[in-house]
A.B. asks: 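Please read through the structure below; I'll follow up with questions.
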Amino acid sequence: MDAAHLRPGADARIEACFRFAYPGFTLEVELDLPGRGVTALFGPSGSGKTSLLRALAGLDRHREGYVRVNGALWQDDVRFVPPHRRAIGYVFQESNLFAHLDVAGNLRFGWRRIPPSERRIAFEEAVELLGLAPLLTRLPARLSGGERQRVAIARALLTSPRLLLLDEPLASLDRERKAEILPYLAQVKRTLDIPMLYVSHAPEEVGRLADHLVLLEGGRVRASGPLQETLARLDLPLACDEDAAVVIEGAVVDHDATYALLTVEFEGGTLLVPHRQEPPGTKIRLQVRARDVSLALTEHADSSLLNRLPAVVQEVRALDAAHALVRLQVGPTPLLARITRRSAEALGVRPGTRLWAQIKAVAVLS
Amino acid sequence: MTLTAEDWQAIRLTLALAATTTALLLALATPLAWWLARTRSPWKGPVAALVALPLVLPPTVLGFYLLILLGPVGPVGKLTQALGLGILPFTFSGLVVASVLASLPFAVQPLQQAFTALGEAPLEAAATLRAGPWDRFIHVVLPLARSGFLTAGVLSFAHTIGEFGVVLMMGGNIPGRTRVVSVQIYDHVQAFAYEQAHALSAVMLGLSFAVLLVLYGRGTPSAGR
């Protein structure tokens, strides 16, 4: 057990260390994550995401493990706090609602077991946050998949957890239902200051919710870092994906009603985005796909493209015989461009090159 | 066609035996079924087979072995004497012990099925919602497995009412102490008292049907799950 070097004094951290093996699978991870915001545990199925989450919750007990969450020690060589004594909230892939209790009964199950002085979320607040008021007297069997997951999320929140663990809460839902739940999760993130570990293999959910990204591969941590940086790392499979994209966090500064364009300011520049009006100052997340970014040595003011940003090339990497991936920086903000190798050579793109990133499309994530 | 005082005594004794047996069985079968439903021990198979034995064994065989075991020179009999409990065969307590064993599979099997069907998921959810082991059992397992408990209770009760062979071997035929309805009917038939046998058999038929109706007469047998 090699956990001694993990800083036991650091408070707002989630520290964990596990080594265990199942037949055909070994998990060996060491995590030191920020104790605030949303951390996505991302990776293909079979990479150990769920096993890791279950170990963190104490649902599976492994001999070699260390878990310390924001100052509370849950597991080390001598100590193992059983799951019901850990201040966690857990949202399972299948909602796991109690079939014999109605929605209100499910919500109260954990809430009643928390001493009133330790409750930080009111019953009504959770009901309101997840839009459950019309469902309170329904039995789980009479809920849709999306409604069930909303109940499961509210039920977990009502235990006032120090850490909310979500195991692919949207995986069992179809596309429409997913789109229906994501705003609720974003709202939970905005409203409540509860650190979340969010297991997912859907880049869309990660881009929308996560602040920090842990990439798991074959039971090991391949990368761990702030979302924006990690998405733009050329040495990771994320950037090599056909749909590779970066996330840009910014704030609304203006809205042009004539053309329905939102001006969003981020560290390094501004972007114009077709979007409905939002109050100035609203935090907003934008997604820019690598394949929607083209490069030019001079600014093309006569182009139809609205967004042209001055950028500096950081790194270039050949993707295949035809394509290259370029990591750029607009101010401190990373950006990816997927261009042809021929163009890269013609333009002389190499680290340090100053050029213009022309952005064809920007998607609003939240 | 009326029931005699002895008939009524047999009915009371049968009901008392069935009620006691059912209560004991539920207490005993619950942990056993829980263990069988969740264990990965190599003992699971042998224990499950042992529990199921009364289903296939002639009741006389079970009764015979119990008589030997619990009798004055049997190992259990010696123990009960040493403990000051006396000898169990030919007493009501002896009948209870025999009935519990004879009806064991009727209690264990439905409970085991209910616990298996329950799975880990609701228990894990409850654990993450701060419920400790007993809390989980009382507030999650009991309500979710209630149809299993109902089935176990009803089948144990009904099977004990219908038991004949084990009772005859273990309890003999002592009026007021061990003479249950099934034995009383046998006696009536032996004595060619067909009218009495008819009356008492009709009571048994009605009673057994009523008990089973509790189980099968519910709108949807799976509503509890």
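In what follows, chains carry the letters A, B, and so on, assigned in the order in which the sequence lines appear, proteins first and then strands, with residues in each chain numbered from 1. Values in this document were obtained by computation on a predicted structure and should not be read as measured data.
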A.B. asks: Is there any residue in residues 45-61 of chain A with a non-hydrogen atom under 4.5 Å from a non-hydrogen atom of chain B, and which ones are they?
C.D. replies: A:Arg54, A:Leu59
A.B. asks: Could you check which of A:Ala87, A:Gly89, A:Ala141 has the highest count of heavy-atom pairs closer than 4.5 Å to chain B?
C.D. replies: A:Ala87
A.B. asks: Run the salt bridge (Lys or Arg N to Asp or Glu O under 4.0 Å) test against B:Glu120 and tell me which residues pass, sequence neighbours left out.
C.D. replies: B:Arg38
A.B. asks: Measure the spacing between CG of A:Leu101 and CG of B:Leu144 and express it to the nearest 0.5 Å.
C.D. replies: 8.0 Å
A.B. asks: With a 6.0 Å cut-off (strictly less than), is the heavy-atom count around NE2 of A:His62, excluding the residue itself, greater than 12?
C.D. replies: yes
A.B. asks: Can you check whether anything in residues 108-139 of chain A gets within less than 4.5 Å of chain B, heavy-atom wise, and list it by number?
C.D. replies: A:Phe109, A:Gly110, A:Arg113, A:Ile114
A.B. asks: When you measure from the side chain of A:His100 to the backbone N and O of B:His139, does any donor-acceptor pair fall under 3.5 Å?
C.D. replies: yes
A.B. asks: Counting only heavy atoms not in B:Tyr65 (residues, nucleotides, ligands), do more than 12 fall under 6.0 Å from its OH?
C.D. replies: no
A.B. asks: Taking atom CZ of A:Arg162 as the centre, report whether more than 12 heavy atoms of other residues, nucleotides or ligands fall under 6.0 Å from it.
C.D. replies: no
A.B. asks: Heavy-atom distances under 4.5 Å only: say whether A:Ala152 touches chain B with side chain, backbone, both or neither.
C.D. replies: neither
A.B. asks: When you look at OH of B:Tyr186, are more than 12 heavy atoms from neighbouring residues, nucleotides or ligands closer to it than 6.0 Å?
C.D. replies: no
A.B. asks: Start with the C-alpha distance between A:Phe92 and B:Glu124, add both sets of side-chain angles, then the distance that settles side chain to side chain contact (heavy atoms under 4.5 Å, CB included), and finish with yes or no.
C.D. replies: CA-CA 10 Å; A:Phe92 296 84; B:Glu124 290 188 340; 4.0 Å; yes
A.B. asks: What residues of residues 127-136 of chain B make heavy-atom contacts with chain A at a cutoff under 4.5 angstrom?
C.D. replies: B:Ala127, B:Thr128, B:Leu129, B:Arg130, B:Ala131, B:Gly132, B:Pro133, B:Asp135, B:Arg136
A.B. asks: Please determine whether the number of non-hydrogen atoms from other residues, nucleotides or ligands lying under 6.0 Å from atom CZ of A:Phe25 exceeds 12.
C.D. replies: yes
